[in-house]
Amino acid sequence: MDSQTSPSSQASPSPHSFQVDLRGLVDLLSHHLYSSPKVYLRELLQNAVDAITARRAEEPDAPARVRLFAADGRLRVEDSGVGLTEADVHDLLATIGRSSKRAEGLQEVRSDFLGQFGIGLLACFVVAERIRVVSRSARNPGAPPVEWTARDDGSYTVRTLPHEERPEPGTTVHLVARAGAGEWLAKPRVLALARDFGSLLPYDVQVGDEAVTDLPAPWDRAYASPAGRRVALARHCHELFGFTPLDAIRLDVPLAGIRGVAYVLPSAVSPAQRAGHRVHLKGMLLTERGEQLLPDWAFFVRCVLDTDSLRPTASRESLYEDETLAAVREALGERIRSWLTGLAAGDPERLAAFLEVHDLGVKSLARHDTDMLRTMLPWLPFETTDGRLSLEEFAQRHPVVHFTRTVEEYRQVAPIASAQGVGVINGGYTYDSELVEALPSVRPGTVVAELDADTVTAHLDTVAPADELALAGFLAAARARLDPLGCDVVLRAFHPVSVPALHLDDRAARHEQARADAEEQADDLWAGILGSLRGSAPRARLVLNHLNPLVRRIGSLHDPELIGTATESLYGQALLMAQRPLRPADSALLNRSFIGLLEWATHGDASHGQTSHGQSSDGRGATDE
């Protein structure tokens, strides 16, 4: 037998190293990881600040300054940080993914730094074709300065320099703009970006001879008076967000290292609109779109704050969703909740002005927070048949708090219910019906009831039996005409007299009508399925007002066809009054009844247009009847 090599005796394959296409990686950074090329300056500032932090950990009195010089498509960034040796350069700058802040098992060491992901200077290749770094170590003063020069094709060189090239510890980064990116290295752009990113940095940062940092932060400064503070913060808000706030809310959470302010928007916004908050991490701007920073109900504020506890994502342009962020979100929500409670207790005028604009946000909070609902009970406005009132005031006026779940239902019944002395709240707006139903939990003894068609009809006066019997023929013809539309006809007497007819239904009736319409249009299979879902809900009803003169005249008609046309007209007019969306069948009915009434009116004119000589107005002989 030929000798064979068993699989276990085969040599294990040699490991290979990944080959990195630096240009492809830069393209990935610029188009997918980072939202804009402007982040290159944040990376430069971050490296400089972290280097100073590292040096000061060992030399508390070490200088702390960063200087930026921009001209002619070039940028130079100098810092007085810890610097690098030649070994550091090979180990850190030339290894993608390696961070100088890494300290395995020593998270407390890393927590003092801004950057922890090791992407480092790669972001600079988004705007630069060449990066040159000259550095001298503060930890090893005897080591010579070292120069690292890298190009966007992935090549780099390292060499040592004479001591006089950099006599002091620290690092200088030189950038040369790539084609088409010169504007990013122009001084006005560099100054604007440095102030945007670094205005709260704890060290001395300048672009040329112009200061970048502006400390203490506006919310941490001492002011001569509360009014002076409000004016200063309003100015700060206008500079950052472009609006003058209704108020400013302090957002201090010491345990989480949070300091900042929330600005109340001066105009209403949709709850679905995601807020863009400015978040600084240890003084460096992290993001202008911190959407997950506050609870969803707090959509009426825009925040700017500084933190040293929240974790950034790899791009350092948003926050990492973890337990710490969840706890901070809850704590910030509590600060805003406390501000609202304080207004209710001590400044009702400011609270009323706030609720005039942002009642929706407070309602969103109150539906899950009974304490907030109890506090806001005298203040939150609702649309009612008595006008715009708070729940507390409305409940004091009415022994039973009736409400509707939709705006359409409210529009149907509001005029009639008001005339009958029945108070109704429009619960069709966002959160309103939930809050009305929660009313008994914070106001014991309050009776809350949903207003449906049966309740409204029960509050309307019945007609004398003799009068209804006299109109039996008319009512039979009217019911026959509306029966295909799933609508009954009833006769009642109610105010206001000017309303000839009222269309009433409830959600169950509408669901049943929608099912019937779908069944009529479906094929045999679906028609059978929908037929099995047929409910026993009461049908919609057209309530005719016996007190209305028009209804009385229509009731005296004897022609069944004319009665049907008039009934359809009253039905369509009642739908329009309720501002209900019209189904195709309803639109066809309105058109048909309008044309029918015109034909009847013109025919009636023609039949009475006889001349005194027994001839019609067109000269033809009249027909004897």
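Keep in mind that the numbers below use all heavy atoms, side chains included, and drop hydrogens, waters and symmetry copies. These numbers were taken from a predicted model, which means no experiment stands behind them.
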Practice item. Supply the atom-to-atom distance L251 CG to I336 CD1, rounded to the nearest 0.5 angstrom. Key: 6.0 Å
Check your understanding: How far apart are the C-alpha atoms of E450 and T404, what are their side-chain angles, what is the distance that settles it, and do they pass the side-chain contact (heavy atoms from CB on, under 4.5 Å) test?
Key -> CA-CA 6 Å; E450 183 177 355; T404 63; over 6 Å; no
Review point. Which atom pair, heavy atoms only, marks the closest approach of L351 to A344?
Key: CD2-CA, 3.6 Å
Review point. Which value, rounded to the nearest 0.5 Å, describes the distance between N548 atom CG and R553 atom CZ?
Key: 8.0 Å
Study note, to complete from the structure: For A234, the side-chain contact (heavy atoms from CB on, under 4.5 Å) test, sequence neighbours excluded, returns T244, P245
Practice item. Would you mind reporting whether R479 and L542 have side-chain heavy atoms less than 4.5 Å apart? Key: no
Review point. If you measure from CG on L502 to CD1 on I416, what distance do you get to the nearest 0.5 Å?
Key: 5.0 Å
Check your understanding: How about I554 and F474: do any of their side-chain heavy atoms sit closer than 4.5 Å?
Key -> yes
**Study point:** Expected output: side-chain R552 to main-chain H546 donor-acceptor under 3.5 Å
**Key:** yes
**Study point:** Residues forming a side chain to side chain donor-acceptor pair (under 3.5 Å) with D347, sequence neighbours excluded
**Key:** R350
Exercise for review: Tell me, please, which residues at least two apart from D559 pass side chain to side chain donor-acceptor pair (under 3.5 Å).
Suggested key: none
Check your understanding: Do R335 side-chain atoms and D252 backbone N/O form a donor-acceptor pair below 3.5 Å?
Key -> yes
Review point. Can you tell me if CG on L598 sees more than 12 non-hydrogen neighbours from other groups inside 6.0 Å?
Key: yes
Review point. Does the distance from a Lys or Arg side-chain N to an Asp or Glu carboxylate O, for E393 and R397, drop under 4.0 Å?
Key: yes
Exercise for review: Mind checking the CG-CG spacing from D488 to L475? Nearest 0.5 Å is all I need.
Suggested key: 11.5 Å
Practice item. Name all residues meeting the side-chain contact (heavy atoms from CB on, under 4.5 Å) criterion together with S309; count only those two or more places apart in sequence or in a different chain, and write none if there are none. Key: A256, T307, T324
Exercise for review: Give a yes or no on this: more than 12 heavy atoms of other residues, nucleotides or ligands lie within 6.0 Å of atom OH of Y223.
Suggested key: yes
Point to revise | Nearest heavy-atom neighbours spanning A501 and L544 | key: CB-CD2, 4.0 Å
**Study point:** Positive for side-chain contact (heavy atoms from CB on, under 4.5 Å) with T446, one of V436, V400, V401
**Key:** V401
Exercise for review: Take L547 and H495, measure what side-chain contact (heavy atoms from CB on, under 4.5 Å) needs, and give me the verdict at the end.
Suggested key: CA-CA 8 Å; L547 301 180; H495 291 274; 4.0 Å; yes
Exercise for review: Sequence neighbours left out, what passes side chain to side chain donor-acceptor pair (under 3.5 Å) with W339? Give chain and number order.
Suggested key: D247
Check your understanding: Does some side-chain heavy atom of L281 sit less than 4.5 Å from a side-chain heavy atom of V279?
Key -> no
**Study point:** Smallest separation among heavy atoms of L310 and L325, with atom names
**Key:** CD2-CA, 3.9 Å
Point to revise | Pairwise distance CZ(R367) to OG(S433) - rounded to 0.5 angstrom | key: 10.0 Å
Review point. Given side chains that start at C-beta, do those of R229 and R250 come closer than 4.5 Å, heavy atoms only?
Key: yes
Review point. What pair of heavy atoms forms the shortest contact from H358 to V264, and how long is it?
Key: CD2-CG1, 3.9 Å
**Study point:** Closest non-hydrogen atom pair, A395 against L439
**Key:** CB-CD2, 4.4 Å
Review point. Has the side chain of S338 got a donor or acceptor atom that lies under 3.5 Å from a matching backbone atom of E334?
Key: yes
Check your understanding: Any idea how F241 and F243 line up, ring-wise: parallel (<30°), tilted (30 to 60°), or perpendicular (>60°)?
Key -> parallel
Determine all donor-acceptor pairs shorter than 3.5 Å in which one atom belongs to a side chain in residues 293-305; sequence neighbours excluded.
{"residue": "R302", "atom": "NH1", "partner": "F299", "partner atom": "O", "Å": "3.4"}

Practice item. Determine, for R388 against E356, whether the closest basic-nitrogen to carboxylate-oxygen distance falls under 4.0 angstrom. Key: no
Which donor-acceptor pairs under 3.5 Å do side chains of residues 372-387 form with protein atoms, sequence neighbours excluded?
{"residue": "R374", "atom": "NH1", "partner": "D371", "partner atom": "OD1", "Å": "3.1"}
{"residue": "T375", "atom": "OG1", "partner": "D371", "partner atom": "O", "Å": "2.9"}
{"residue": "E383", "atom": "OE1", "partner": "N426", "partner atom": "ND2", "Å": "3.2"}
{"residue": "E383", "atom": "OE1", "partner": "Y429", "partner atom": "OH", "Å": "3.1"}
{"residue": "T384", "atom": "OG1", "partner": "D386", "partner atom": "N", "Å": "3.0"}
{"residue": "T384", "atom": "OG1", "partner": "G387", "partner atom": "N", "Å": "3.3"}
{"residue": "T384", "atom": "OG1", "partner": "G387", "partner atom": "O", "Å": "2.5"}
{"residue": "T385", "atom": "OG1", "partner": "V424", "partner atom": "N", "Å": "3.0"}
{"residue": "D386", "atom": "OD2", "partner": "H398", "partner atom": "NE2", "Å": "2.5"}

Review point. Of all residues at least two apart in sequence or in a different chain, which pass the side-chain contact (heavy atoms from CB on, under 4.5 Å) check with V357?
Key: L246, A268
Exercise for review: Decide yes or no for P218 and L233: does some side-chain heavy atom of the first lie under 4.5 Å from some side-chain heavy atom of the second?
Suggested key: yes
Review point. H503: what forms a side chain to side chain donor-acceptor pair (under 3.5 Å) with it, not counting sequence neighbours?
Key: none
Practice item. Indicate the atoms forming the closest heavy-atom contact of F494 with V499, along with that distance. Key: CE1-O, 4.0 Å
Check your understanding: Does A476 have any side-chain contact (heavy atoms from CB on, under 4.5 Å) partners at least two apart in sequence or in another chain, and if so, which?
Key -> none
Exercise for review: Could you tell me whether the side chain of R329 and the main chain of Q292 form a donor-acceptor pair under 3.5 Å?
Suggested key: yes
Practice item. In sequence, state the C-alpha distance, the side-chain angles, and the governing distance for R278 and D196, and then conclude on salt bridge (Lys or Arg N to Asp or Glu O under 4.0 Å). Key: CA-CA 10 Å; R278 288 177 63 93; D196 196 37; 3.0 Å; yes
Check your understanding: What's the spacing between F354 CZ and L265 CG if we round to 0.5 Å?
Key -> 9.5 Å
Check your understanding: Tell me the side chain to side chain donor-acceptor pair (under 3.5 Å) pairs involving residues 253-262, sequence neighbours left out?
Key -> R259-D306
List the atom pairs, donor and acceptor, that lie under 3.5 Å between side-chain atoms in residues 563-572 and the rest of the protein, sequence neighbours left out.
{"residue": "T565", "atom": "OG1", "partner": "E561", "partner atom": "O", "Å": "3.1"}
{"residue": "T567", "atom": "OG1", "partner": "I563", "partner atom": "O", "Å": "2.8"}
{"residue": "E568", "atom": "OE1", "partner": "R481", "partner atom": "NH1", "Å": "3.4"}
{"residue": "E568", "atom": "OE2", "partner": "R481", "partner atom": "NH1", "Å": "3.3"}
{"residue": "E568", "atom": "OE2", "partner": "R592", "partner atom": "NH2", "Å": "2.8"}
{"residue": "S569", "atom": "OG", "partner": "T565", "partner atom": "O", "Å": "3.1"}
{"residue": "Y571", "atom": "OH", "partner": "D586", "partner atom": "OD1", "Å": "3.3"}

